[in-house]
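Below is one structure, written out as structure tokens; the observations come after it.
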Protein chains: 2
Amino acid sequence: MLELAILGFLYDAPLHGYELRKRIAALTGHVRPVAESTLYPAIKRLEKAGLLARTTEPGAVAAPRHVLTLTEEGRTELLHRLAEPAQRDITDENRWFTVLAFLRHLPDPAAQAAVLRRRLAFLQEPASFFYDGDRPLAAEELDDPFRQGILTIARATSRAELTWLRATLDSLGG
Amino acid sequence: MLELAILGFLYDAPLHGYELRKRIAALTGHVRPVAESTLYPAIKRLEKAGLLARTTEPGAVAAPRHVLTLTEEGRTELLHRLAEPAQRDITDENRWFTVLAFLRHLPDPAAQAAVLRRRLAFLQEPASFFYDGDRPLAAEELDDPFRQGILTIARATSRAELTWLRATLDSLGG
DNA sequence: GGAAGATACATCGTCATCGAGGTATTGAAA
DNA sequence: TTTCAATACCTCGATGACGATGTATCTTCC
């Protein structure tokens, strides 16, 4: 997830670590903050893997900056991660939103649509958080108001997303 | 999160690990599967911390079962984790849903309401995923249809949850 | 003059999670 | 009859994330 965000931001323009940190904080920070001690090692990993290159520039204000640029392999890797996300990136909303945030980088609308269809398929599966045997329970069937809340919220999300998915799939050209 | 779910399920009744696994899979598995190699060490951790005790019973079908029971410290710990969740448990929907799933275990409606109010406060903060400087951007201000989607979905979720939160806070007795 | 906060990057130890693999039994399907 | 799926638990190595802490500079405010 973090790695996808790093690659995604760098696809547009080279950035230094600190700026990257601010962008990632803006994107997902209010939900899931990213510690510096997570970001810098992640950058090193990607650099070591040859996905990004580093050049040192004098700092605008303080310490020198390490400006990060995607390599050709980095661009390829980003496109691959966007075109074929792990199932987890499809089902987990946090991860899914990160995929969505950078999906525009995929050059082919058909490839974008394919990713959206995977999410569509996931949302169309009959699934709940609570079951009576194998049967998924609806909010109305629960006593617990908090568990009712979970289902109410999840259903609202699901509806909004299905509407958006279908409209977007349409406009991507069927 | 996983630990909260384990404690939460065991609060109702003693269970063996395999059954626990199935319940956790039902609760959050469609979004975030939990590997066995994560669950069993987590059980051991909690046992080592004195939060749960284990007794061996002959297996109904195959291998012997290790039936897990919450200790008194385990019950106290669960109630503490529910009454005072980390900020992360409030902001991250996955974690928040787990808190909600077991919030009924808190004996005091006022304590339940206090937790809901923390979520309410979080949702009322002006936050987006995308900014123009410091100003949060609305879906309509974005070109990217995928980023529009993120905001559209997040807004629908937020609205549904705010409605539910206010109604539930009311019914918990103001 | 000094403290605080932003800029800018880094390391360290710890811990949670994961995938791969292992052990053993029972019942059903091929 | 062999194989598969389910039951039931476990270990191991790798990795990724985290909090704490450190280093250094510059600006702003008191």
Side-chain angles (χ1 to χ4, degrees), chain A residues 1-7 14-26 28-29 31-49 51-52 54-68 81 86-89 91-92 94-95 98 133-134, chain B residues 1-7 14-26 28-29 31-49 51-52 54-68 81 86-89 91-92 94-95 98 133-134:
Chain A
M1 254 335 68
L2 178 56
E3 294 184 2
L4 185 62
I6 293 171
L7 297 176
L15 297 171
H16 56 275
Y18 197 79
E19 174 63 24
L20 206 41
R21 179 163 149 66
K22 286 197 288 184
R23 303 230 179 162
I24 291 170
T28 57
V31 170
R32 235 173 212 281
V34 171
E36 286 197 0
S37 52
T38 306
L39 176 64
Y40 287 113
I43 290 171
K44 285 208 168 171
R45 275 204 304 282
L46 296 174
E47 194 189 359
K48 204 174 159 191
L51 306 182
L52 48 86
R54 172 192 304 235
T55 58
T56 302
E57 279 184 15
V61 176
R65 295 166 165 176
H66 293 184
V67 177
L68 309 164
R81 290 191 193 204
Q87 190 56 21
R88 207 153 264 216
D89 299 334
T91 63
D92 184 331
N94 291 322
R95 290 167 171 267
T98 307
D134 278 344
Chain B
M1 251 338 64
L2 177 56
E3 293 184 3
L4 184 62
I6 294 171
L7 297 175
L15 298 171
H16 56 277
Y18 197 77
E19 175 63 24
L20 206 41
R21 179 163 150 66
K22 286 196 289 185
R23 303 228 179 165
I24 291 170
T28 56
V31 171
R32 234 173 213 283
V34 171
E36 285 196 0
S37 52
T38 306
L39 176 64
Y40 287 113
I43 290 172
K44 286 208 168 168
R45 274 203 305 280
L46 296 174
E47 194 189 0
K48 203 174 158 193
L51 305 183
L52 49 86
R54 172 192 305 236
T55 58
T56 303
E57 279 183 14
V61 175
R65 294 167 165 174
H66 293 182
V67 177
L68 308 165
R81 290 192 194 203
Q87 190 56 21
R88 213 159 259 214
D89 299 335
T91 63
D92 184 330
N94 290 323
R95 289 168 172 266
T98 307
D134 278 344

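So you know, we letter chains A, B, ... as the sequences are listed, proteins then strands, and number each from 1. Nothing here was measured: the structure is a model prediction, and the numbers come from that model. Values below: every heavy atom of this structure, side chains too, minus hydrogens, waters and symmetry copies.
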Send over the distance from B:Arg88 CZ to D:dG19 C1', rounded to a whole Å.
11 Å
Just call it for B:Arg21: base, sugar-phosphate, or nothing, with non-hydrogen atoms closer than 4.0 Å on any strand.
nothing
Look at A:Arg54 and C:dA10 and indicate whether a side-chain polar atom (N or O) is within less than 4.0 Å of OP1 or OP2.
yes
With nearest nucleotides of DNA chain D determined for A:Arg45 and A:Ala63 from heavy-atom distances, which residue corresponds to the more 5′ nucleotide?
A:Arg45
A:Val61 or A:Lys44, whichever maps to the more 5' nucleotide of DNA chain C:
A:Val61
Base C:dG19 to side chain B:Ser37, donor-acceptor N/O within 3.5 Å cut-off
yes
Using every non-hydrogen atom in the two residues, find where B:Ile43 and B:Leu20 come nearest and quote the distance to one decimal.
CD1-CD2, 4.3 Å
Can you measure B:Asp92 atom CG to C:dA16 atom C1' for me and round it to whole angstrom units?
15 Å
For B:Glu36 and C:dG19, give me the distance from atom CD to atom C1', rounded to whole Å.
12 Å
Considering only NZ, NE, NH1 and NH2 on the basic side and carboxylate oxygens on the acidic side, decide whether B:Glu3 and B:Arg81 come within less than 4.0 Å.
yes
B:Leu68 and B:Gly17 have their tightest heavy-atom pair at CD1-N, 4.1 Å
Pick base, sugar-phosphate or nothing for A:Arg32, based on heavy-atom distances below 4.0 Å to the nucleic acid.
nothing
Minimal heavy-atom distance between A:Asn94 and A:Met1, with the atoms involved, is O-SD, 4.4 Å
Considering only side-chain heavy atoms of B:Tyr40, which listed nucleotide, C:dC18, D:dC9, C:dA8, is closest?
D:dC9
Give the nucleotide from the list D:dT11, C:dA8, D:dA8 with an atom nearest to the side chain of B:His16.
D:dA8
From the list C:dT11, C:dA16, C:dT7, which nucleotide is the closest neighbour of the side chain of A:Tyr18?
C:dT7
Figure out the CG/C1' separation between A:Leu39 and D:dG16, and round it to whole Å.
13 Å
How close do A:Arg95 and A:Arg88 get, heavy atom to heavy atom, and via which atoms?
CD-O, 3.5 Å
Protein-nucleotide distance (B:Leu15, atom CG; D:dT7, atom P), rounded to Å:
15 Å
Taking NZ from B:Lys48 and C1' from D:dC10, how many angstroms apart are they, rounded to a whole number?
16 Å
B:Asp89 CG - D:dC18 P separation (whole Å):
13 Å
Students often get this wrong, so: under 4.0 angstrom with heavy atoms, is B:Pro33 touching a base, only sugar-phosphate, or nothing?
sugar-phosphate
Side chain of B:Arg65 (C-beta onward), nearest among D:dT11, D:dA8, D:dA17
D:dA8
Protein-nucleotide distance (A:Met1, atom CE; D:dT15, atom P), rounded to Å
18 Å
Of the nucleotides C:dA10, D:dC18, D:dA17, which one has an atom closest to the side chain of A:His66?
C:dA10
Quick check on DNA chain C: between B:Thr38 and A:Pro64, whose nearest nucleotide comes earlier from the 5' end?
A:Pro64
Counting N and O atoms only, with roles assigned by atom type, does the side chain of A:Arg21 sit under 3.5 Å from a partner on the main chain of A:Tyr40, one being a donor and the other an acceptor?
no
